[in-house]
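Single-structure report; data block below.
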Amino acid sequence: MSLKDIISPFNVWKRAAQKPWTIKDPLNDRPGADNYRGFHKNDFDKCVGCGTCEDICQNAAIDLVPVQTVETDMSDSGLRPKIDYGRCCWCALCVDVCPTGSLTMSNDYTWVTDDPEEYRFIPGADKMKWDDCEKGYKRAENFQLIDFDRIKMNELGVEERSSSFIEMVKGYSKEQAIEEAERCLECGICVARCPAHMDIPEYIKAIREDDIELAVQILYKTNPFSASCGRICTHHCEDVCSLAHNGEPIAIRWLKRYILDQVSPEEISKILKDIIQTNNKKIAIIGAGPGGLSAAYYLRLLGYEIEIFESNEKGGGMLRYGIPEYRLPYDQLDKDIDYIVSLGVKINYNTKISEEAKFNEIYNSHDALFISPGLWNSIPVNITGEELPNVISGIDLLNKVTNKEEIDLGSKVAVIGGGNSAMDAARTAKRLGADVEIYYRRRIEDMPADVEEIEEAQDENVKFFPQTTPLEIKKDGSGLKFIWGNNKMIYEEGKRPKPVLIKGETFETNLDTFIIAIGQNADLSFLPTEIRDNIETKWGKVVVNELGQTSVEKVFSGGDASNSKADAVSAIADGHKAAVGIDRYLNK
Amino acid sequence: MSRISKNKYDNFKADRSKFPQMENGKAIIDLDSHKFTKLWQGPQHPGVTGNMAVELTISGDEIVQAKTHVGYLHRGFEKLLERRKYIQCFTIVCRICVPEPDTNEYCYSTAVEELAGIEIPEKAKWIRTLNMEMSRLASFLMWLGGQAGSLGMGAIGQWTVGMRDFWLDLFEEMTGGRIYHMYMIPGGVRKDLPEGFIMRAKHLVVETRKLLFDIEKSFFNNAIIKSRLKCLGIITPEMVDEYGIVGPNARASGKEYDVRMNNPYLKYPELDIKMITSMGGDAFTRAEVRYQEIHQTLDLISQILDKIPEKGEIQAKIPNVVNWKIPTGETYVKAESTRGEHGFYVVSDGTKYPRRVYNRGASYTQAISVLEKLAVNTSISDLAGLMVSLHTCPPEIER
Ligand SMILES: Cc1cc2nc3c(=O)[nH]c(=O)nc-3n(C[C@H](O)[C@H](O)[C@H](O)COP(=O)(O)OP(=O)(O)OC[C@H]3O[C@@H](n4cnc5c(N)ncnc54)[C@H](O)[C@@H]3O)c2cc1C
Ligand code: SF4
Ligand code: SF4
């Protein structure tokens with residue numbers, strides 16, 4: 001021990017004179033770091049009440065609760081997270097997994113209250129002193145705990161597909177499907193949005209767990225057309241997917257298709273084991289489209305004897321005669337239809353109901369009727385020359401292709417319209433070898449067609465002429481001459497931009513064929529006058545109640561002829577709904 | 001720092017005449033003889049590192065037998081982890097050890113990454129290395145204050161805990177939290193370093209060195225401290241392997257073992273780092289080894305701050321954590337904590353939940369069997385100092 005060791009410790013006094021490190025004033029907050037995990041905030045405009053935060057919180061500190069200011073709708077559960085600060089450990093896992101990015105944390109960290117109840121609060125609904133605090137923990141952009149990127153779908157190359165009717169989309173492999181299914185957060189917002197309310201998270205879970213049998217069973221509970229819908233559904237469920245807010249939605253449609261791709265028609269029967277106990281009541285259905293056939297399926301399961309009247313040679317309605325084969329191959333549609341038929345559903349093909357007597361006979365010999373005649377009358381554009389021979393409708397063209405009829409479109413074709421039917425007609429014409437142009441009166445972004453349909457058409461070299469209106473068609477040698485006007489857009493707040501012709505701005509094109517695809521309406525002429533007079537219609541559609549019943553008690557209706565959505569899954573949902581309605585009506 | 005003197009523990013022989021007789025390896029303590037008194041130190045005692053208790057049998061003020069009791073802090077973490085998804089565990093593992101949570105975060109995340117076959121990006125590795133050294137520093141500073149405090153020198157504790165707080169400020173900036181950082185997460189780290197962080201960290205390194213300089217003068221060159229720590233709790237080289245002693249406790253008894261160098265991980269192979277050992281084996285030598293390691297850590301932090309790439313990803317691509325299943329397998333990941341080798345053994349059965357997570361820190365032996373041996377013959381007033389000199393952490397024992 002040296003003398004140094006005795007003197008040296010007195011060094012401690014050196015620091016006694018220094019400015020203290022502690023904060024003197026406890027009332028003046030020391031702000032948290034910019035990135036501090038302080039108290040929660042929730043941006044209600046972004047939050048959709050998906051509940052992922054609730055799911056991930058390992059402390060069960062979050063409960064999703066209804067909030068007065070938030071309304072439940074198709075894309076929002078209406079619930080919001082309530083946080084219990086008696087349980088929370090401020091890990092911010094909830095913030096990191098929040099798919100919409102609505103949940104964040106402020107950098108505020110002091111809060112004194114004498115009411116312990118207050119520590120259970122709803123960020124965003126309950127006014128908090130840190131609500132306007134900009135700083136605090138947010139998920140970093142280069143950091144993600146949920147997977148925002150969809151598994152890419154294998155598709156035919158542009159070259160190959162623009163010249164053939166081979167199915168464009170190849171489908172997922174097992175590995176791809178499972179990987180895609182793993183992205184699902186199981187929030188179930190899609191279920192509300194799906195017109196058929198399919199149990200989407202459950203069948204996605206079944207894919208994840210590689211339980212195809214269960215998946216098939218889940219699908220058939222709400223949709224007997226999954227092989228078809230898995231290909232052509234309008235997939236509005238994907239629009240509301242909580243992952244879509246900051247990334248790509250789950251490929252719900254492709255996953256549905258994947259399930260049906262895994263099973264042969266025979267396996268479907270084995271898996272479903274549907275047993276029919278006939279109840280001897282008879283239902284007639286007019287139209288073997290998805291609406292009519294899904295009603296048939298669910299009614300048959302309830303024991304009814306079903307007889308369908310269909311004017312075409314085959315079933316499927318517009319799925320067969322409208323949608324081109326490169327999107328929905330016929331054998332896939334047959335897979336769906338065959339199973340329904342295998343349950344003992346009788347279909348009279350080539351039987352168009354057009355005479356009163358026939359309808360009355362059906363009406364009188366059955367306990368109830370379901371009509372789902374679809375939209376088969378093409379809407380005209382009403383201009384001079386529309387009656388010329390090379391002017392056809394989009395569905396005419398698509399019908400002919402399905403029926404394998406001889407078609408000569410010439411080399412230059414124009415399609416007018418901006419919906420999916422117009423895209424189908426244009427892309428079909430392209431595959432028949434023509435140069436195709438699409439004319440539409442509004443802008444491309446206003447087109448009602450799916451964005452992917454528009455992009456695919458563009459990829460296939462279909463040219464777009466937006467903001468144009470056809471004025472006149474003239475005969476020009478063997479072809480047609482067209483006079484078009486240019487439109488300008490008039491914008492009004494809260495309304496769709498309106499196209500208005502610019503005076504004097506016209507141009508001419510020469511064409512071989514002109515295809516009109518601006519929409520269809522229902523042909524209800526098969527209904528006897530007596531019924532037609534009694535059946536309520538609105539905008540040309542048959543009005544039904546929540547169980548699909550029309551104002552004529554015994555007649556139920558659904559599908560395109562009744563609903564405004566005019567897509568396959570809505571028709572399927574209508575068929576299911578009417579089946580329940582008919583069953584209730586007959587068992588009153 | 002001067003070379004550490006070799007302790008003459010060979011010459012140190014205890015007078016065992018007052019001690020109870022041994023029979024079959026057990027001491028026969030006849031309390032009725034009034035020669036012995038039972039005394040409990042802890043579980044609530046400021047001199048005890050964490051919530052554990054030492055049941056002492058004393059004769060006068062000399063400890064003749066020590067029995068450790070743990071269980072006051074059992075939170076069942078390992079079991080809890082089996083019921084949580086892999087990602088949910090990362091918020092819990094840090095809680096295993098309060099003063100040095102990051103080693104747990106690192107080991108757990110790395111174990112999951114190994115099982116899942118994930119390689120984290122370079123930048124994330126650098127940040128993790130920085131995080132590990134900062135956490136070592138914070139833990140050592142806390143120990144240093146504790147060591148001085150346990151011998152009655154409160155000023156040092158105020159300084160080091162104050163300085164540690166500045167480091168916690170940096171942690172707060174970097175991770176969003178001060179104590180439980182919850183920052184190293186399977187797949188990488190949660191955020192990049194904030195702007196200006198490197199500058200501020202470099203500045204703090206300088207400040208910390210200044211403080212260490214004062215501490216060296218007042219604590220290490222201190223007659224009282226020396227008289228109390230020298231020859232206290234001697235760990236002989238033979239004991240090291242016999243008891244499974246690791247970390248500075250082992251290195252102060254000549255054992256050349258430091259996971260950072262023996263089984264390099266993260267970015268340690270790219271850093272200039274040398275093993276620090278000594279031969280003394282007593283509490284003072286251990287303090288000196290740790291003191292040198294604090295300097296080493298500051299040096300490593302400086303090196304990392306210079307080398308850390310400015311740009312780069314901070315996270316490897318991982319699947320949606322809600323449904324993350326880890327392939328069947330098992331792995332053991334270890335790292336050097338301030339107490340020595342710290343390891344996680346993780347078993348997965350192919351589901352979303354770990355089948356088993358087993359954690360072992362150095363405290364397990366050091367706070368139980370080693371302490372029971374070393375406490376004998378010391379005076380009760382030195383027990384706290386002895387415990388701190390082993391730098392044990394009871395939370396680590398009770399997972
Ligand atoms: C070109 C085109 C593309 C489309 N693309 C898609 C798409 O991608 N996704 C999507 O979801 N939907 C799409 N649709 C819409 C979809 O095809 C329809 O919503 C769906 O087929 C409607 O089903 P439904 O049963 O109501 O009518 P339909 O499918 O039209 O079926 C009605 C059936 O009734 C028969 N019928 C009508 N009148 C009589 C009568 N008097 N006697 C006997 N039988 C009769 C018809 O022959 C027909 O088979 C598309 C439609 C078209 C035209
Ligand atoms: S995860 Fe986000 S969007 Fe979903 S309920 Fe919670 S806060 Fe709302
Ligand atoms: S911060 Fe962590 S503990 Fe708190 S509510 Fe969010 S997930 Fe739960």
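Chain A is the first sequence line, chain B the second, and so forth, proteins listed ahead of strands; every chain is numbered from 1.
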Which answer fits [X], side chain, backbone, both or neither, if we ask what part of it has an atom under 4.5 Å from a heavy atom of chain B?
{"X": "A/Ala181", "result": "backbone"}
{"X": "A/Lys14", "result": "side chain"}
{"X": "A/Glu186", "result": "side chain"}
{"X": "A/Asp34", "result": "neither"}

Next item on the list: Name the orientation class of the two ring planes belonging to A/His40 and A/Tyr85 (parallel below 30°, tilted from 30 to 60°, perpendicular beyond 60°).
Entry: tilted
Next item on the list: Look at the aromatic rings of A/Phe121 and A/Trp130 and report parallel, tilted or perpendicular, splitting at 30° and 60°.
Entry: perpendicular
Next item on the list: For chain B, find which of A/Asn11, A/Leu145, A/Asp147 contributes the most heavy-atom pairs closer than 4.5 angstrom.
Entry: A/Leu145
Next item on the list: Against chain B, work out which of A/Leu93, A/Ile56, A/Asn35, A/Asn142 has the most heavy-atom pairs shorter than 4.5 Å and name it.
Entry: A/Asn35
[X] portion near chain A, given a 4.5 angstrom heavy-atom threshold:
{"X": "B/Met174", "answer": "backbone"}
{"X": "B/Arg190", "answer": "both"}
{"X": "B/Trp324", "answer": "neither"}

Indicate yes or no: does [X] engage [Y] in a salt bridge with an N to O separation below 4.0 Å.
{"X": "B/Asp165", "Y": "B/Arg178", "result": "yes"}
{"X": "B/Lys226", "Y": "A/Asp5", "result": "yes"}
{"X": "A/Arg257", "Y": "A/Glu180", "result": "no"}
{"X": "A/Asp211", "Y": "A/Lys205", "result": "no"}

Among [options], single out the residue with the greatest number of heavy-atom pairs under 4.5 Å to chain A.
{"options": "B/Ile318, B/Ile215, B/Ile87, B/Leu80", "answer": "B/Ile87"}
{"options": "B/Gln158, B/Lys217, B/Glu173", "answer": "B/Lys217"}
{"options": "B/Ile92, B/Ile225, B/Leu211, B/Val189", "answer": "B/Leu211"}
{"options": "B/Thr91, B/Val322, B/Ile185", "answer": "B/Thr91"}

Check: Do B/Lys191's NZ or CZ and the ring of A/Tyr137 fall within the cation-pi criteria of under 6.0 Å and 45°?
Finding: yes
Notebook entry, point to check: Checking B/Arg95 against B/Tyr180: charged group under 6.0 Å from the ring centre and within 45 degrees of the axis?
Noted result: yes
Check: Is there a side-chain contact between B/Leu144 and B/Phe219, using heavy atoms and a 4.5 Å cut-off?
Finding: yes
Item checked: Beyond-backbone contact of A/Arg183 with A/Ile146, side-chain heavy atoms, under 4.5 angstrom -> no
Check: Between the side chains of A/Thr52 and A/Asp55, does any donor sit under 3.5 Å from an acceptor?
Finding: no
Check: Which members of residues 94-109 of chain A, sorted by number, sit under 4.5 angstrom from chain B on a heavy-atom basis?
Finding: A/Asp96, A/Val97
Note to self: Does B/Lys317 form a salt bridge (charged side-chain N to carboxylate O under 4.0 Å, His left out) with A/Glu179? I'd like the steps, not just the answer.
What the structure shows: CA-CA 13 Å; B/Lys317 173 131 177 98; A/Glu179 214 178 311; over 6 Å; no
